[in-house]
Student: 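Okay, here's the structure, questions in a sec.
Throughout, a chain's letter reflects where its sequence line sits, starting with A, and its residues are numbered from 1. Keep in mind it's a predicted model, so treat the numbers as computed, not measured.
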2 protein chains.
Amino acid sequence: MNKQEGNLEEVNVAPFSYAISLIDGKWKMHILFWIWKKEILRYSELKRALGNVTHKMLSTQLKELEADNLLIRREYPQVPPKVEYSLSPKGFTLMPVLEMLCTWGKENSVDLDE
Amino acid sequence: MNKQEGNLEEVNVAPFSYAISLIDGKWKMHILFWIWKKEILRYSELKRALGNVTHKMLSTQLKELEADNLLIRREYPQVPPKVEYSLSPKGFTLMPVLEMLCTWGKENSVDLDE
DNA sequence: CTGTATCCAGAATGATACTG
DNA sequence: CAGTATCATTCTGGATACAG
């Protein structure tokens with residue numbers, strides 16, 4: 001409670017930082033967005049949807065999202081292989097945040113110079 | 001409406017991408033978070049609050065946030081200089097999203113392995 | 001105090017080839 | 001089809017010096 005704290009209550013950034021750490025990869029929110037919209041996407045469909053993401057980046061980001069339990073990866077044991085990605089329950093609970101961000105973007109990209 | 005679109009309606013990512021582009025800097029959300037919590041912060045207070053951000057990074061990110069009209073920079077013409085940062089109206093409208101993300105973080109950082 | 005400019009190390013990213 | 005590995009390149013971020 002030193003001077004620099006002033007009259008302000010303690011601010012707990014940890015949960016906020018945790019949340020950010022899960023989604024701040026360059027493509028993570030985009031990946032989540034598309035899987036949310038399409039429900040289930042194969043690797044190649046996802047790559048096409050994202051457009052200019054590279055093979056390596058998509059693989060890396062998908063692995064991290066899966067490790068963070070935001071995505072579910074389902075692999076079909078067949079040749080050629082088929083892999084589908086969908087939202088995990090945890091990932092699903094994050095979607096309202098993305099939706100809100102999307103709504104905010106809609107409302108604020110129309111009047112960019114306000 | 002070609003085959004690869006399937007039965008899915010068109011998805012408009014532009015506003016979403018716009019929103020992401022404004023906040024995906026490494027420190028931007030943290031900066032916004034602190035200014036939101038403290039209402040007004042001087043440069044040096046912000047630097048202390050963020051902890052391990054470097055001088056250069058903070059300057060850069062602040063300039064971008066100001067250019068994107070999310071922050072207001074108020075400079076007092078005195079020596080030594082004094083600069084205060086606060087949320088712009090536009091920045092303020094983004095706070096519900098940050099709050100939601102923060103809430104999500106709280107709920108999901110307690111049961112990491114669920 | 002609040003910045004900007006420069007230089008540099010390390011991380012992020014991309015192109016490509018290879019594997020199951 | 002869905003990935004992994006390797007290497008080259010680009011970009012981010014940090015240390016430091018300097019300026020108003």
Student: Would you tell me if any nitrogen or oxygen in the side chain of A:Arg42 comes within less than 4.0 Å of OP1 or OP2 on D:dA2?
Tutor: yes

Student: Any side-chain heavy-atom pair from A:Phe33 and A:Trp27 closer than 4.5 angstrom?
Tutor: no

Student: Just compare C:dG3, D:dG13, C:dC1 and give me whichever is closest to any side-chain atom of B:Met57.
Tutor: D:dG13

Student: Base of C:dG14, side chain of A:His55 - is there a donor-acceptor contact under 3.5 Å?
Tutor: no

Student: Hey, is the side chain of A:Arg73 poking within less than 4.0 Å of OP1 or OP2 on D:dG3, counting only N and O atoms?
Tutor: yes

Student: So do A:Leu62 and A:Tyr43 actually touch side chain to side chain, heavy atoms under 4.5 Å?
Tutor: yes

Student: Could you tell me how far apart B:Trp27 (CH2) and D:dG14 (P) are, to the nearest whole angstrom?
Tutor: 7 Å

Student: Using the ring of each side chain (for Trp, its six-membered ring), is B:His30 parallel, tilted or perpendicular to A:Phe16, with breaks at 30° and 60°?
Tutor: perpendicular

Student: Of B:Ser44 and B:Lys56, whose nearest nucleotide on DNA chain C comes first from the 5' end?
Tutor: B:Ser44

Student: Is there side-chain contact between A:Asn108 and B:Leu94, with at least one heavy-atom pair below 4.5 Å?
Tutor: no

Student: By nearest nucleotide on DNA chain C, pick out whichever of B:Val83 and A:Pro80 is the more 5' one.
Tutor: B:Val83

Student: Round to the nearest Å and state the distance from A:Glu84 atom CD to D:dG3 atom P.
Tutor: 12 Å

Student: Taking for each residue the nucleotide of DNA chain D with the nearest heavy atom, is it B:Pro81 or A:Pro81 whose nucleotide lies nearer the 5' end?
Tutor: A:Pro81

